[in-house]
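What follows is a single structure, written as structure tokens, with notes after it.
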Amino acid sequence: MVKLTAELIQNSMQYMNPVKDRELDLRGYRIPEIENLGATGDQFDTIDFSDNDIRKLDGFPYLKRIKCLLLNNNRVIRIADHLEEYIPNLESLILTGNQIEDLGDVESLASLEKLTTLSLLHNPITAKQHYRLYLVFKLPQLKLLDFRKIKQKERDEAKTLFKSKRGKEIQKDIIKRSKTFIPGGNMHNLAKSRGLSDEEIKTIRDAINNANSLEEVERLQKILQSGQIPGNEQNGLANGSSMEVD
């Protein structure tokens, strides 16, 4: 993997694309996370992050100029909240070929008032019931979803469904199922279901809170699902020490 550094940004291809926007090409470097974009000087309309290993859509400084982000074929599973504070003028977000699963995981995009084009093709989310209608309802600013124009008929159908009693129940269920990344949220529930003591749960929660990446949290989750208590595999609970995460 290659860290996204100021030097990489400065040495990458920069050109005027076919729609006459200034574009930065960061394709295919196996970049694991978005960072150091302040080095762009906010000089680009489009940034192409396709074919990397990005797992979360976050890490932006304030970039007023950005209108289009291309993230085809990454590993995105999370979208940060409050993106409107950093990329307020984003119009197009292409997330084709990623790993977004739950309808609730895209709700944060509603705050991007200028977002008119969104692609989630080849993400697990597209197989969810009510996928298209839910996004049409939750993201009313969209005009194109998965490269298909949103018709007024769909908007009316979405509004009728999700403003009904049944639709409100569906929304509650979506929110409940959403796997929005909250350190310790899902794992704490799993720990309780394992019948762990309050002290053991505290140890798990501390390990999660000390984790500083999604990969670390996922590692803890796998350990717990295997029937172990995070820390026990290194005798962490036995000697009272906190768990060290690789």
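- Residues Gln14 and Arg22 are in side-chain contact: their nearest non-hydrogen atoms beyond the backbone lie under 4.5 Å apart.
- Residues Leu135 and Ile94 fall into different hydrophobic clusters, defined by Ile, Leu, Val, Met, Phe, Trp and Tyr side chains chained together at heavy-atom separations under 4.5 Å.
- Among pairs with a residue in residues 140-151, those fulfilling side chain to side chain donor-acceptor pair (under 3.5 Å) read Tyr131-Asp146, at least two apart in sequence or across chains.
- Counting only distance, with no hydrogens or angles, the side chain of Arg75 and the backbone of Pro32 share no donor-acceptor pair below 3.5 Å.
- The line from CG of Leu118 to CG of Leu144 is 10.0 Å long, rounded to the nearest 0.5 Å.
- Nearest heavy atoms, Leu26 versus Ser12: CD2-OG, 3.3 Å.
- Of the possible donor and acceptor atoms, one in the side chain of Gln43 sits under 3.5 Å from a partner among the backbone N and O of Gly41.
- The structure places CZ of Arg55 at 9.0 Å from CZ of Arg78, a figure rounded to the nearest 0.5 Å.
- Of all heavy-atom pairs spanning Lys163 and Phe137, the tightest one is CG-CE1, 4.2 Å.
- In plain terms, the two heavy atoms of Asp42 and Ile66 that are nearest each other are OD1-N, 4.1 Å.
- The side-chain heavy atoms of Lys128 and Tyr134, taken from C-beta on, include no pair separated by under 4.5 Å.
- Leu115 and Leu120 end up in the same hydrophobic cluster when Ile, Leu, Val, Met, Phe, Trp and Tyr side chains are linked at under 4.5 Å.
- Side-chain atoms of Leu8 and Ile31, non-hydrogen and from C-beta on, do get closer than 4.5 Å to each other.
- Counting all heavy atoms, side chain and backbone alike, Asn52 lies closest to Arg30 at OD1-N, 2.8 Å.
- Put simply, CG on Leu90 and OG1 on Thr46 are 9.5 Å apart, with the number rounded to the nearest 0.5 Å.
- In this structure, the separation between CG on Asp21 and CD1 on Ile47 is 12.0 Å, given to the nearest 0.5 Å.
- Between Val136 and Leu142, the closest side-chain pair of non-hydrogen atoms is not below 4.5 Å.
- In the hydrophobic clustering of ILVMFWY residues, with side-chain heavy atoms under 4.5 Å counting as a link, Leu4 and Leu70 come out apart.
- A donor atom on one side chain and an acceptor atom on the other are not found under 3.5 Å apart for Asn98 and Asn123.
- Taken together through direct or relayed side-chain contacts under 4.5 Å among Ile, Leu, Val, Met, Phe, Trp and Tyr, Tyr62 and Ile34 form parts of separate hydrophobic clusters.
- Taking CG of Leu139 as the reference point, atom CD of Glu107 lies at 8.5 Å (rounded to 0.5 Å).
- In this structure, the side chain of Glu23 does not engage the main chain of Asp48 through any donor-acceptor pair within 3.5 Å.
- Counting heavy atoms from C-beta outward, Arg65 and Asn89 have side chains that stay 4.5 Å or more apart.
- Side-chain contact between Asp45 and Lys20: absent, with no pair of heavy atoms (C-beta onward) separated by less than 4.5 Å.
- Under the side-chain hydrogen bond (donor to acceptor under 3.5 Å, both in side chains) rule, Ser111 has a single partner from Glu85, His82, Glu84, which is Glu84.
- More than 12 heavy atoms of other residues, nucleotides or ligands sit less than 6.0 Å from atom NZ of Lys138.
- Contact check on Arg27 versus Asp51 returns a salt bridge, with a Lys/Arg side-chain nitrogen under 4.0 Å from an Asp/Glu carboxylate oxygen.
- Note that CD1 of Ile54 and CZ of Phe49 are 5.5 Å apart. Values are rounded to the nearest 0.5 Å.
- Put simply, the side chain of Ile79 does not reach to within 4.5 Å of the side chain of Asp105, judged on heavy atoms.
- Tracing side-chain contacts under 4.5 Å through hydrophobic residues (I, L, V, M, F, W, Y), one never reaches Leu93 starting from Leu121; they form parts of separate clusters.
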